[in-house]
Amino acid sequence: MVVNVLQVAEKPALAKSLAAILSNGSCSYGNTRTAGLPLLEYDGVFKGQKAHFKFTSVRGHVMEVQFPAKYNNWDRTDPGDLFTVDVEMQEADSSKNVVHALRSEAKGCDFLVLWLDCDPEGENICFEVIDAVRPAMNHRPGQQIFRAKFSAITAKDIKHAMQHLGEPDKNVSLSVDARRELDLRMGVAFTRFQSRFFQGKYGDLDSQVLSFGPCQTPTLALCVQRHDLIQTFQPETYWTLDVRALINDSPVKLQWDRVRVFDKTVASLFLHRIQDVRAAKVLRVQSKEKAKPRPTALNTVELLRICSAGLGIGPQQAMVVAERLYIQGYISYPRTETTAYPANFDTAAVLHELKGSPDWGKEARVLLDGALVKPKGGVDKGDHPPITPARLATDNELSGDMWRVYDLVCRHYIATLSPDCRYSVTNVSLAVGSEMFSLSGQRLISPGFTSVLYWMSPESSTVVPDMQEGQECIIKNVSISEKQTAPPGYLTESDLISLMEKHGIGTDASIPKHINTICERNYVTVQGGRTLVPTNLGVVVVHGYQRIDHDLCLPTMRAAVEKQFSLIACGQAEYEDVLFYFIDTYKRKFKFFEQNIQLMDELFEVNFTLLSKTGKNLCRCGKCNRYLKLIIAKPQRLYCPTCDDTYSLPQRGKIMLYKELKCPLDGFELVMCSTGSNGKAFPLCPYCYNNPPFESMPKGSGCNACVNALCKHSAINLGVAPCVSCDGGILVMDPVSKPKWRLACNQCNTIVTLIENAHDIRVTKNVCECGASQLSVDFHKDKSPLKSGETKYEGCIFCDELLSSLVSLKHGSTTHPMHRRGRRKGGRGRGRGRGRGRGRRKPKDKMAQLDQFFI
DNA sequence: GCAAGGTC
């Protein structure tokens, strides 16, 4: 009997390499029927039985923890409740159909072997895969699910792992579950609360969302900490003693051994002591040989640092470029923490690949000719090998940042196998009277790896002239100069990456995202030299946390939480206990934050402008008939200073007044939203956009949704009619309900369902005998123009049953013969409130009011 | 619209 074995890797590329290794290159290549995942198949032996193997992969996490949809509404959910409401696992956005694909491949399988990355996230994905797959697998006694543990993608390691399969570790996975749930609850709760609080009060924050997160906030705090250091820096005046001497006929400035003094009188005293000295005497000349060590192999974080500091490419962009180089086969997998080459890594093979390059081929050839050095130790984190070139490219094939990053990876690779750079440092001590001075300089002995990483070459312009002990040099000039201490510079991206790594904030893959997030949220800006300068908003937010609860922005917060969660991973603590403890802690912190928000608000007050003092009058409010103000800073919105209400607007597009027309439903003046020069323009009602009058309309989703459509198609083009059931209501066409046209009342919820499959329906000015409005109905199912002999029909909105039958009428009839008072007995039974008994209203008066909206 | 973490 042949058993079926399903194997799953964390990413498609890995499934392919693992299957190739395990099948000794004999696997067939294909794809799963859905989700576009790889599917590799081969035959072999599993646990002593003949087996058919299938190898596929996921794409990172399959599931994500989320709040149920009912909590997605920011207005209807109290952020504080987010600490206690249930959460659920949902299929992750990026992995649509993955669950389905896995399940169909698992059908008929007897065993599952999990080849997910050997880190906590990988362990967690193991269980996501198990949950997806188990229901579809064959049931049989004994262990069916196995975990492969491997530290390098080499034939030896992989085959060893296959021979020594273990079990997935539930505790490790639970520690990740706990972290994911806590991050979600606290991040979303704080973000929603502070966004709503401050955006509801100030008009110039210029940020869509005031976000908070356990990684992004400490990252921001690091930038603000440096900012504070710079702001509070008190420059101090100091004095130095400057001596210029002639050494071998060239003028040289000597360095004072005391460096500087902070008292002018003392400085003058020293000057006085030596100002008559005519010669400096060389007391000692010392030369030492030093080595600048070759770099260790490249990992992600180091790549990002060099890209930012050396190439001026930001971390997010650098990752995008590296990813592209990887997909195109130019470099190895770019997300790794490891800085040690695997034991069996064929260093020479890569050099052979590179030796033809006009840029660094020469250096590669020198190494192949015998100068090859053992790479430095580095750290093996057991994830992926370091980032190395995979094949040779010329700068014709790659351009711009692609070439620059590729060039860096190649040069760095060659450097790791090159000798250290050797140079000598010479220090000369000189006496000028009783004061000691010195000169120091460097001289290159052999460049080693710096011939390829030329920017790391030791400064060679500081070569000291040849001097002998006892030699005397003529002093040309002695003076003191006054200087001031200077503050440190702002953090560079490269500095920040190092600090985040040091504090355990984020991972190699997420560090660029966090930096990007704080930029997107208008908390910091990237300035010259890729320095990160906090904005007013960033500073005020962090200072606010410091006033209310300093913990919230401590750089150590992340590591402290992770440390506790790791106790779950190693079985020393219960998942429920630790998770509950943290949720409870942050819930209390949240309450405290909420109660003391005025401490942060005091800082906002002096830095930002109240909504009532920002913006320009635009259109009239339907409630108070005063002007709403258009707030232009992000998020673009309307604000009524009288009612103190805020109305969201589409974020893309310019908002203008629209013909001073009012929405028939609520009396708000319509505005026009135009997107770009050749983009669309559409009118919308500020109130309806935020409070959709039809339950089928999603709130403000996209620029053509709900009320935009309502105002555009219904209120203006299609017309409105007095309600047939209540006195004050107005019936409005529901634009989303096509082809099942209907009208709905804005007051009594009456729904009048009209005829189906009409091409167009409009409310006309005509009034039926019954007193209700008439409709003009165009019965094309397609959009073709009316043919001769065809015509529009007219009917009454009351007589919907009758209207339905219009479909079967002969062409040419404009009014339904049944459309007579006497025939309506017992009719119109559907729907509620089609109240006949309320007696006739005076539609004409109301119609007059509505005149401006009719076609 | 919100977090952080995988991956594309």
Side-chain angles (χ1 to χ4, degrees), chain A residues 9-15 35-38 57-67 71-75 77 79 82-83 87 91-96 98 116-117 119-126 128-129 173 175-196 199 207-219 319-320 322-328 333-335 383-384 500 504-514 516-518 520-521 557-558 561-562 565 586 634-637 648-652 690 698-702:
Chain A
E10 191 158 321
K11 42 195 159 278
L14 209 51
L37 295 166
S57 86
V58 291
R59 276 185 291 257
H61 277 289
V62 183
M63 309 297 289
E64 62 183 11
V65 61
Q66 274 304 342
F67 294 112
Y71 301 115
N72 286 350
N73 188 306
W74 289 36
D75 300 316
T77 308
L82 296 175
F83 287 95
V87 289
E91 205 164 339
D93 236 21
S94 57
S95 66
K96 280 286 173 258
V98 171
L116 291 126
D117 289 359
D119 52 26
E121 296 298 328
E123 215 61 31
N124 189 261
I125 303 174
C126 279
E128 295 176 356
V129 171
S173 172
S175 75
V176 174
D177 280 338
R179 195 217 66 231
R180 295 216 278 175
E181 188 177 327
L182 180 69
D183 285 352
L184 175 76
R185 290 185 189 277
M186 65 193 273
V188 175
F190 276 91
T191 299
R192 286 192 192 175
F193 170 68
Q194 62 187 25
S195 296
R196 286 178 56 85
Q199 281 176 350
S207 178
Q208 185 75 26
V209 172
L210 270 73
S211 61
F212 170 90
C215 288
Q216 57 172 276
T217 302
T219 303
M319 273 324 282
V320 169
E323 185 76 34
R324 211 177 289 165
L325 287 168
Y326 161 66
I327 290 168
Q328 294 178 17
Y333 190 67
R335 281 189 287 267
D383 47 358
H384 298 273
M500 291 173 75
I505 302 170
T507 66
D508 50 1
S510 68
I511 283 176
K513 286 188 195 171
H514 300 314
N516 198 49
T517 302
I518 58 174
E520 272 184 350
R521 299 288 146 75
M557 164 173 77
R558 186 62 173 173
V561 173
E562 297 244 29
F565 284 144
Y586 278 95
K634 277 192 227 166
Q636 176 170 264
R637 65 211 125 134
S648 305
L649 288 171
Q651 288 307 300
R652 284 183 207 156
N690 290 274
K699 182 179 165 184
S701 63

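Lettering of chains follows the sequences in order, A, B, ..., and the numbering in each one begins at 1.
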Without decimals, in angstroms, what is the distance between [X] [atom1] and [N] [atom2]?
{"X": "Asn72(A)", "N": "dG1(B)", "atom1": "CG", "atom2": "P", "answer": "9 Å"}
{"X": "Leu82(A)", "N": "dG1(B)", "atom1": "CG", "atom2": "C1'", "answer": "13 Å"}
{"X": "Leu649(A)", "N": "dG1(B)", "atom1": "CG", "atom2": "P", "answer": "15 Å"}
{"X": "Glu181(A)", "N": "dA3(B)", "atom1": "CD", "atom2": "P", "answer": "17 Å"}
{"X": "Tyr586(A)", "N": "dA4(B)", "atom1": "OH", "atom2": "P", "answer": "12 Å"}
{"X": "Ile511(A)", "N": "dG6(B)", "atom1": "CD1", "atom2": "C1'", "answer": "15 Å"}
{"X": "Leu182(A)", "N": "dG5(B)", "atom1": "CG", "atom2": "P", "answer": "12 Å"}
{"X": "Asn73(A)", "N": "dC2(B)", "atom1": "CG", "atom2": "P", "answer": "15 Å"}

From the options [options], select the nucleotide whose nearest atom is closest to the side chain of [X].
{"X": "Ile327(A)", "options": "dC8(B), dG6(B), dA4(B)", "result": "dC8(B)"}
{"X": "Glu562(A)", "options": "dG5(B), dG6(B), dA3(B)", "result": "dG5(B)"}
{"X": "His514(A)", "options": "dG1(B), dA3(B), dG5(B)", "result": "dG5(B)"}
{"X": "Asp183(A)", "options": "dG1(B), dA3(B), dG6(B)", "result": "dA3(B)"}
{"X": "Glu121(A)", "options": "dT7(B), dG6(B), dG1(B)", "result": "dG6(B)"}
{"X": "Pro214(A)", "options": "dC2(B), dG5(B), dA3(B)", "result": "dA3(B)"}

Can you tell me how far apart [atom1] ([X]) and [atom2] ([Y]) are? Round to the nearest 0.5 Å.
{"X": "Gln216(A)", "Y": "Thr191(A)", "atom1": "CD", "atom2": "OG1", "answer": "6.0 Å"}
{"X": "Glu91(A)", "Y": "Met63(A)", "atom1": "CD", "atom2": "CE", "answer": "6.0 Å"}
{"X": "Glu121(A)", "Y": "Ser173(A)", "atom1": "CD", "atom2": "OG", "answer": "9.5 Å"}
{"X": "Arg192(A)", "Y": "Leu210(A)", "atom1": "CZ", "atom2": "CG", "answer": "15.0 Å"}

Which is true for [X] with a 4.0 Å heavy-atom rule: it touches a base, it touches only sugar-phosphate, or it touches nothing?
{"X": "Gln194(A)", "value": "nothing"}
{"X": "Val65(A)", "value": "base"}
{"X": "Phe190(A)", "value": "nothing"}
{"X": "Pro12(A)", "value": "sugar-phosphate"}
{"X": "Leu184(A)", "value": "base"}
{"X": "Gly506(A)", "value": "sugar-phosphate"}
{"X": "Asp117(A)", "value": "sugar-phosphate"}
{"X": "Arg521(A)", "value": "sugar-phosphate"}
{"X": "Glu10(A)", "value": "sugar-phosphate"}
{"X": "Arg196(A)", "value": "nothing"}

When you check the phosphate oxygens OP1 and OP2 of [N], does a side-chain N or O of [X] lie under 4.0 Å from one of them?
{"X": "Thr507(A)", "N": "dG6(B)", "result": "yes"}
{"X": "Arg335(A)", "N": "dT7(B)", "result": "yes"}
{"X": "Gln216(A)", "N": "dA3(B)", "result": "yes"}
{"X": "Arg558(A)", "N": "dG5(B)", "result": "yes"}
{"X": "Thr191(A)", "N": "dA3(B)", "result": "no"}
{"X": "Tyr71(A)", "N": "dC2(B)", "result": "no"}
{"X": "Arg179(A)", "N": "dA3(B)", "result": "no"}

Select from His384(A) and Gln199(A) the residue whose nearest nucleotide in DNA chain B is closer to the 5' end of that strand. Gln199(A)
Per nearest nucleotide of DNA chain B, the residue lying toward the 5' end, Met186(A) or Ala13(A), is Met186(A)
Can Trp74(A) be called stacked on dG1(B) when the rule is centres closer than 5.5 Å and an angle between planes below 30°? yes
Where does the angle between the aromatic ring planes of Phe190(A) and Phe83(A) fall among parallel (under 30°), tilted (30 to 60°) and perpendicular (over 60°)? perpendicular
How would you list, by chain and number, every residue that makes a salt bridge (charged side-chain N to carboxylate O under 4.0 Å, His left out) with Glu323(A), sequence neighbours excluded? Arg335(A)
Work out which heavy atom in Leu82(A) is nearest to a heavy atom in Phe67(A); give both atom names and the distance. O-CE2, 3.5 Å
Would you indicate whether the side-chain heavy atoms of Asp117(A) and Ile125(A) approach each other to under 4.5 Å? no
